[in-house]
Amino acid sequence: MWGGRFAEGPAAVMREINASLPFDKRLWRQDIAGSRAHAAMLGAAGIVEPDAAARIDAGLAQVAAGYEADGVPDALALEDIHMLTEARLTDAIGPDAGRLHTARSRNDQVATDFRLWVRDAIDDVARALAAFQDGLLSRADEHAATVMPGFTHLQVAQPVTLGHHLMAYHEMIARDRSRFADARARLNECPLGSAALAGTGFPIDRAATAAALGFDRPTRNSLDAVSDRDFALDYLGAATQCALHLSRLAEEFVLWASQPFGFVALSDQWSTGSSIMPQKRNPDAAELVRGHAGRITGCLVALLVTMKGLPLAYSKDMQDDKPPVFEAHDLLALSLAAMTGMVASATFRPDRMRAAAQAGFSTATDLADWLVREVDVPFREAHHVTGRAVA
Ligand code: ARG
């Protein structure tokens, strides 16, 4: 695709370090959609003959059908999904395929594809978060009057209800949803037309490609559009915060499922056994949700550090933007599904929770409050008197 200036092909290791196809194949749907929008615009604007644009469109549909049927191969010589698709298009329709890349660079192409992918990922996560919230709400409703100890410093503090406790996570997830929604609104601008970095001299119609791909508008600055990845960092930031919330609930399930607590029994479907200790029922899924939060945080840090020192505009370092986003997304989707399943199927133990709430003088604050109300002593004195009674 770029061999005109070269006499020799790349070294094998050069080819290997350069290739992103093994991971960016995940962008194929977005790449086809972006190319079809671009081709239609080129045809409508008269930059490419309308007949040729129609042949390109049909050819891209054919390439997509091939990917759908047989998957996308690891053809390292073709570098990335963009080059593979163009090569397949050439196989399908011949030399007209070479007109598709008019007024476009892989730099605005990949920025567009990746925004589309992250937008789809956010929509998936939003659905999963809503389902998780529904599950929390229904268990909380069921246990609206189930007394349990509330903790501070992991010491019994005051009685609360399990419903109250579970609804704390409902609130966290509501904020996560709003963080993902913010990220989606901010990323929804179309880089196409930025070309390599400087825009293009062809009379393109950026509003048309933006609208065809469901973007709110074209991006304003071409240098920014090809070199910013803060939309991916916004996604990773929201994913990390969400993973930390899941991890805290997972940690509580691990504690609550332990024998000294005994607040919850995880169902067989969400427990694992030990290869040596026949009696064991381990909360592995909860532990892995807790563990995955570490890996998701690592993905955020990886991309932050990748971007940190890059001058404008595109540098190849930015090709490394995709693996951490894909990894974080897969881990988050799995963690959310696992926590949703665990919450739905857990058997809570109201008897154990009530007994724990009765230990540790958890109503001492109420006694102090009672002294203030009934005996009219200052709260400090009521606190002292109650403390003496506890001692
Ligand atoms: N595979 C590349 C990436 O993901 C596409 C952009 C390549 N652009 C370039 N100027 N080499 O970043």
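Treat the numbers as computed from the prediction; the structure is a model and nothing was measured. Ligands are counted one by one from 1 in listed order, and the atoms in each one are counted from 1 as well.
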Checklist outcome for this item: In ligand 1, the atoms that come under 4.0 Å of a heavy atom of Val110 are 4 (O)
Next on the checklist: Within the 3.5 Å criterion, strictly below it, is a donor on Arg104 or Thr200 matched to an acceptor on the partner's side chain?
Outcome noted: no
Checklist entry - If you measure from the Lys or Arg side-chain nitrogens to the Asp or Glu carboxylate oxygens, is any gap between Arg115 and Asp228 under 4.0 Å? => result yes
Checklist entry - For atom 2 (C) of ligand 1, which protein heavy atom lies nearest, and how many Å away is it? => result Gln319 OE1, 3.1 Å
Checklist entry - Going by distance alone, is a donor N or O of one side chain under 3.5 Å from an acceptor N or O of the other, for Asp176 and Gln241? => result no
Next on the checklist: Would you say His38 and Gln109 are linked by a side-chain donor-acceptor pair, where the criterion is simply a distance under 3.5 Å?
Outcome noted: no
Checklist entry - Per the side chain to side chain contact (heavy atoms under 4.5 Å, CB included) rule, which among Asp321, Thr306, Leu303 passes with Leu233? => result Leu303
Checklist entry - For atom 4 (O) of ligand 1, which candidate among Met318, Arg229, Lys322 provides the closest heavy atom? => result Lys322
Next on the checklist: Under a 3.5 Å cutoff, is there a donor and acceptor pairing between the side chains of Gln319 and Asp80?
Outcome noted: no
Item to check | Heavy atom of the protein closest to atom 5 (C) of ligand 1 (residue, atom name, distance) | outcome: Asp80 OD2, 3.5 Å
Next on the checklist: Under a 4.0 angstrom heavy-atom cut-off, which atoms of ligand 1 come close to Ser20?
Outcome noted: 1 (N)
Item to check | Which residue and heavy atom of the protein sit nearest atom 9 (C) of ligand 1, plus the separation | outcome: Asn107 OD1, 3.4 Å
Checklist entry - Among protein heavy atoms, which sits nearest to atom 6 (C) of ligand 1, and what does the distance come to when rounded to 0.1 Å? => result Tyr314 OH, 3.5 Å
